[in-house]
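This report refers to the structure that appears directly beneath it.
What you are looking at is a predicted structure, and each value in this text was computed from that prediction instead of being measured. Residue numbering restarts at 1 for every chain, and letters A, B, ... go by the order of the sequence lines.
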Amino acid sequence: MSDYDLAATLASGQAFRWTQKGDSWHGVIGRRAVRLTPVTDGIRAETAAPVTDWGWLKEYLQTDVILQQILETFPDDEPMRMATRACRGLRLLRQDPWECLASFILSSTKQIVQIRQIVASVCECYGEPIPGFEGETAFAFPTPERLAAESEPGLRACKMGFRAPYLLATARIVASGKIQLNGLKSVPLETARAELMSLPGVGRKIADCVLLFAYGFPTAFPVDVWILRALRQLYFPRRRPRPSRLMRFSETYFGPNAGYAQQYLFHYMRTVNSRGGAGAARLNPA
DNA sequence: GCCCAGGTGAAGC
DNA sequence: GCTTCACATGGG
């Protein structure tokens, strides 16, 4: 598992509950506090409470995915070559749908560091206490039922601002059973996307994040400000295409694992290429 | 102070 | 069909 970059994977804006402590990454998966440490030929995993089965962790980390097979499906162009070179070992996680959905409702027009703060605050306020490391208490992500029982002013106290009514309303719909998140695993992409977008505070971008990071639909392609910038700078440097044009481009250009390609472009833009694209290679695919 | 942040929904043309 | 705007809050 030497082709697994824990730092890139856990801190690249897919999940918001991981913090680095020394060489290790601390987080919570479901109801378990987890500590992950990169070692020579793999990842050392520890849980605060003893476990016998590790299937849930392999599923979350997607360790069985053969990365090389994914990368081979990317477009053979200069931007993707640079992105894959810059993001070796970056993977997509497979997260819990509710936690992913709720977290991304809280993500709109927030920086990743701030999303982490808000999510941490929500977990401490409403999440169930679970055993953590060194005798500390950790917190599970709050259930939709628990949040559904809250009030809007209560949620606003967690610094989520105008996102509070969206999270509350969506929690109530999910808690009521009107939309069954687990049922979306086995329906077509377009159906799942439409169901998610029917929820308050969930538009195309957030729906695609959940489709990609929780359900694993490989062609879901979240387009945020970073991806718009990436597509403009790397693929249309001389023109000024509208977002709708770039959306259409992204739906066909990046192939069967477009979602993976998206995460590579996103991480690439935010790290190597974050200062406005100076020195970025350009290639017009048309 | 200013601008921006893994957007969405509603109102105005 | 668009384009524009309000929405809270914090970081650089």
Side-chain angles (χ1 to χ4, degrees), chain A residues 7-18 83 87 90-93 95 97 99-122 125 150-173 179 193-215 217 220-234 240-248 250 254 258-277:
Chain A
T9 301
L10 300 178
S12 66
Q14 311 177 52
F16 303 101
R17 302 212 60 196
W18 294 96
C87 308
L90 171 61
R91 287 170 185 253
L92 291 180
L93 300 168
Q95 304 177 55
E99 176 172 341
C100 188
L101 171 63
S103 297
F104 276 99
I105 287 174
L106 298 176
S107 77
S108 69
T109 55
K110 276 291 175 194
Q111 298 182 125
I112 290 174
V113 277
Q114 296 168 342
I115 302 166
R116 277 204 287 265
Q117 289 167 8
I118 297 172
V119 169
S121 168
V122 168
C125 287
E150 282 304 318
S151 67
E152 184 182 320
L155 292 182
R156 279 183 190 263
C158 290
K159 324 252 179 168
M160 66 180 76
F162 63 82
R163 303 156 196 84
Y166 295 143
L167 180 62
L168 183 59
T170 289
R172 287 181 174 164
I173 292 170
I179 283 190
R193 179 183 282 143
E195 288 280 298
L196 290 171
M197 288 179 67
S198 75
L199 294 163
V202 182
R204 173 65 185 253
K205 188 269 171 182
I206 290 176
D208 276 14
C209 284
V210 179
L211 293 169
L212 184 63
F213 302 143
Y215 295 106
F217 283 99
F221 192 97
V223 176
D224 73 328
V225 291
W226 287 95
I227 291 297
L228 283 179
R229 205 172 300 155
L231 296 180
R232 273 199 281 258
Q233 285 181 10
L234 301 174
R240 200 154 284 284
R242 301 186 175 295
S244 57
R245 174 75 189 89
L246 295 170
M247 288 277 293
R248 200 145 39 82
S250 72
F254 290 98
Y260 245 100
Q262 175 275 156
Q263 195 63 13
Y264 273 68
L265 286 175
F266 180 78
H267 193 58
Y268 171 61
M269 290 298 285
R270 286 174 41 81
T271 53
V272 180
N273 196 27
S274 61
R275 276 194 292 258

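- Here the separation of C:dT3 from B:dG6, taken at their C1' atoms, is 22 Å to the nearest Å.
- No side-chain heavy atom of A:Val223 sits under 4.5 Å from any side-chain heavy atom of A:Leu246.
- Taking the C1' atoms as reference points, B:dG9 lies 23 Å from C:dG10, given to the whole Å.
- Aromatic ring orientation, A:Phe162 versus A:Tyr166: perpendicular (interplanar angle above 60°, classes split at 30° and 60°).
- Going from atom CZ of A:Arg116 over to atom C1' of C:dG10 covers 14 Å, rounded to whole Å.
- Side-chain atoms of A:Val210 and A:Tyr215, non-hydrogen and from C-beta on, do get closer than 4.5 Å to each other.
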Q.
Please encode protein proximity along nucleotides 1-13 of chain B as a string of B, S and -, counting only heavy-atom distances under 4.0 Å.
A. ----BBBSS----
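- Side-chain contact between A:Gln263 and A:Arg91 is absent, with no heavy atoms from C-beta onward closer than 4.5 Å.
- Using a 30° and 60° split on the angle between ring planes, A:Phe16 and A:Phe104 fall in the perpendicular class, above 60°.
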Using a cutoff of under 3.5 Å, can you pull out all pairs of nitrogen or oxygen atoms linking the protein to nucleotides 2-5 of chain C, with atom names and distances?
{"from": "C:dT3", "atom 1": "OP2", "to": "A:Arg242", "atom 2": "NH1", "distance (Å)": "3.1"}

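- Side chains of A:Leu265 and A:Leu234 form a contact here, defined as non-hydrogen atoms less than 4.5 Å apart.
- With sequence neighbours excluded, no residue satisfies side chain to side chain donor-acceptor pair (under 3.5 Å) with A:Gln14.
- Counting only heavy atoms from C-beta outward, the side chains of A:Leu155 and A:Val122 never approach each other to under 4.5 Å.
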